[in-house]
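The chains referred to below are lettered A, B, ... by the order of the sequence lines, with proteins before strands, and numbering in each begins at 1.
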Protein chains: 2
Amino acid sequence: MGVTKSEMFTQAQNELAVLAKALGHPARIAIIEYLLKVNACICGDIVGELPLAQPTVSQHLKELKNAGLIKGNIEGTAICYCIDEEGFGKIKSFFDYVQNTLTEKKEKCC
Amino acid sequence: MGVTKSEMFTQAQNELAVLAKALGHPARIAIIEYLLKVNACICGDIVGELPLAQPTVSQHLKELKNAGLIKGNIEGTAICYCIDEEGFGKIKSFFDYVQNTLTEKKEKCC
DNA sequence: TTATTATATTGCAATATTACGATAAAAGAA
DNA sequence: TTCTTTTATCGTAATATTGCAATATAATAA
């Protein structure tokens with residue numbers, strides 16, 4: 001079917017999946033890393049940084065934005081992108097929870 | 001084309017993307033949460049916990065295993081699954097890096 | 001006004017993912 | 001041995017994703 005049965009899972013599970021999925025492509029990891037490297041906003045040079053055509057980069061940016069991982073502000077002719085800390089905070093909480101739970105209980109068997 | 005140009009990105013970027021992608025489905029988030037909740041290994045009751053058919057669950061488990069997020073050991077008739085701390089460690093490092101970089105440099109503009 | 005520049009959208013082909021019924025495989029029980 | 005239980009694999013249909021050329025849009029410059 002190719003269609004995820006989202007309605008069978010909780011909203012929290014779906015939100016986490018959306019955030020993780022948005023990072024599930026090397027181009028989008030590269031975008032995030034670049035935004036972190038140059039810090040603050042990037043106005044216009046993201047396309048030149050990636051080995052992909054402009055429409056493809058635009059599409060990846062849109063997915064990151066829809067997921068809530070980056071923000072974009074119009075800045076004259078260009079657009080200003082930067083990390084959205086709220087989205088990253090949500091997914092980071094999940095990994096913190098995983099690690100805390102793992103170190104807390106130590107009766108592993110595998 | 002539907003084919004990711006993995007070879008255009010670094011190995012580290014691809015590894016992170018694979019880990020994130022594996023978590024990019026609510027069923028797989030649910031599996032991880034369940035493994036954490038019951039702690040240690042689960043031998044046999046994962047299918048009953050999810051609103052999906054057995055072959056579908058088996059497929060999701062395989063993807064988590066391939067990505068390095070869970071481990072599976074044969075235990076008689078059943079199979080014993082548990083969290084793979086190594087894979088989670090890798091992806092958690094990325095989010096730690098993101099947060100550290102964000103709090104360090106504070107010249108945001110968005 | 002007409003360029004020019006930067007980004008988004010459309011349309012499409014190639015490929016990947018999701019889901020599940022049917023079936024297979026593997027191990028223990030009878 | 002046959003039966004039962006548990007998990008994996010195969011095959012297939014429906015849908016989603018990736019990538020890009022072509023085009024559209026929006027803002028500024030000339």
Side-chain angles (χ1 to χ4, degrees), chain A residues 1-9 13-14 17-31 34-35 41-67 69-82 110, chain B residues 1-9 13-14 17-31 34-35 41-67 69-82 110:
Chain A
M1 292 157 187
V3 63
T4 294
K5 290 185 151 184
S6 321
E7 73 283 359
M8 306 300 281
F9 300 94
Q13 288 166 339
N14 278 295
V18 165
L19 288 165
K21 192 175 186 177
L23 291 170
H25 190 291
R28 297 195 287 268
I29 294 284
I31 290 171
Y34 182 61
L35 286 177
C41 294
I42 298 306
C43 306
D45 45 2
I46 293 184
V47 170
E49 283 293 317
L50 292 179
L52 297 170
Q54 180 268 324
T56 309
V57 174
S58 183
Q59 193 173 283
H60 284 306
L61 287 167
K62 190 179 175 184
E63 281 178 63
L64 285 169
K65 198 175 172 185
N66 286 344
L69 289 166
I70 64 174
K71 289 185 286 191
N73 292 65
I74 297 169
E75 194 95 354
T77 321
I79 293 211
C80 210
Y81 282 109
C82 66
C110 297
Chain B
M1 291 156 189
V3 63
T4 293
K5 291 187 151 184
S6 321
E7 71 283 0
M8 307 300 280
F9 300 94
Q13 287 166 340
N14 278 296
V18 165
L19 288 165
K21 193 175 187 177
L23 291 170
H25 191 292
R28 297 195 287 267
I29 294 284
I31 289 171
Y34 182 61
L35 286 177
C41 292
I42 298 308
C43 307
D45 44 4
I46 293 185
V47 170
E49 283 294 317
L50 292 179
L52 297 170
Q54 180 268 324
T56 309
V57 174
S58 183
Q59 195 172 282
H60 284 306
L61 287 167
K62 190 180 176 183
E63 282 178 63
L64 285 169
K65 198 175 172 185
N66 286 342
L69 289 166
I70 65 174
K71 290 185 285 191
N73 292 64
I74 297 170
E75 194 96 352
T77 321
I79 292 210
C80 209
Y81 281 109
C82 65
C110 296

* To do: Report the distance from atom CG of Leu52(B) to atom CE of Met8(A), rounding to the nearest 0.5 Å.
  => 7.0 Å
* Whole Å only: how far is the CG atom of Asp45(A) from the P atom of dT5(C)? -> 17 Å
* Using a cut-off of 4.0 Å on non-hydrogen atoms, how would the nucleic acid contact of Ser58(A) be classed: base, sugar-phosphate, or nothing? -> base
* To do: For Leu50(B) and dA19(C), give me the distance from atom CG to atom P, rounded to whole Å.
  => 10 Å
* Asked: Ile46(A) and Ile31(A): which non-hydrogen atoms are nearest, and at how many Å?
  -> CG2-CG1, 4.4 Å
* **Value in whole Å for how far the P atom of dT18(C) lies from CG of Asn14(A)** => 13 Å
* **Interatomic distance where CG belongs to Leu52(B) and P belongs to dA19(C) [whole Å]** => 5 Å
* For Ile31(A) and dG19(D), what is the distance between atoms CD1 and C1' respectively, to the nearest whole Å? -> 13 Å
* Given dA8(C), is OP1 or OP2 found less than 4.0 Å from the side-chain N or O atoms of Tyr81(A)? -> yes
* To do: Send over the distance from Lys5(A) NZ to dA13(D) P, rounded to a whole Å.
  => 18 Å
* Below 4.0 angstrom from OP1 or OP2 of dT18(D), is there any side-chain N or O of Arg28(A)? -> yes
* Considering residues at least two apart in sequence or located in another chain, which fulfil the side chain to side chain contact (heavy atoms under 4.5 Å, CB included) criterion with Ile70(B)? -> Ile32(B), Leu35(B), Leu61(B), Leu64(B), Lys65(B), Tyr81(B)
* Selected nucleotide, minimal atom distance to Ile79(B) side chain, candidates dT7(D), dT18(D), dC20(C) -> dT7(D)
* To the nearest Å, give me how far apart NE2 (His25(A)) and P (dT15(C)) are. => 15 Å
* To do: Would you mind reporting whether Leu50(B) and Tyr34(B) have side-chain heavy atoms less than 4.5 Å apart?
  => no
* Round to the nearest Å and state the distance from Gln54(B) atom CD to dT6(D) atom C1'. => 8 Å
* Given dA16(D), is OP1 or OP2 found less than 4.0 Å from the side-chain N or O atoms of Lys21(A)? -> no
* Asked: If you look only at pairs with a residue in residues 51-64 of chain B, which of them pass as a side chain to side chain donor-acceptor pair (under 3.5 Å), with sequence neighbours excluded?
  -> Arg28(B)-His60(B), Arg28(B)-Glu63(B)
* Which comes earlier along DNA chain C counting from the 5' end, the contact point of Thr56(A) or that of Phe9(A), where each point is its nearest nucleotide? -> Thr56(A)
* To do: Kindly state which residues belonging to residues 59-66 of chain A come within less than 4.0 angstrom of DNA chain C, counting heavy atoms of the residue only, listed by number.
  => Lys62(A)
* Asked: Which heavy atom of Ala67(B) sits nearest a heavy atom of Ala22(B), and at what distance?
  -> CB-CB, 3.5 Å
* Below 4.5 Å, heavy atoms only, C-beta onward: do Thr4(A) and Phe9(A) meet side chain to side chain? -> no
* Which comes earlier along DNA chain D counting from the 5' end, the contact point of Pro55(A) or that of Gly24(A), where each point is its nearest nucleotide? -> Gly24(A)
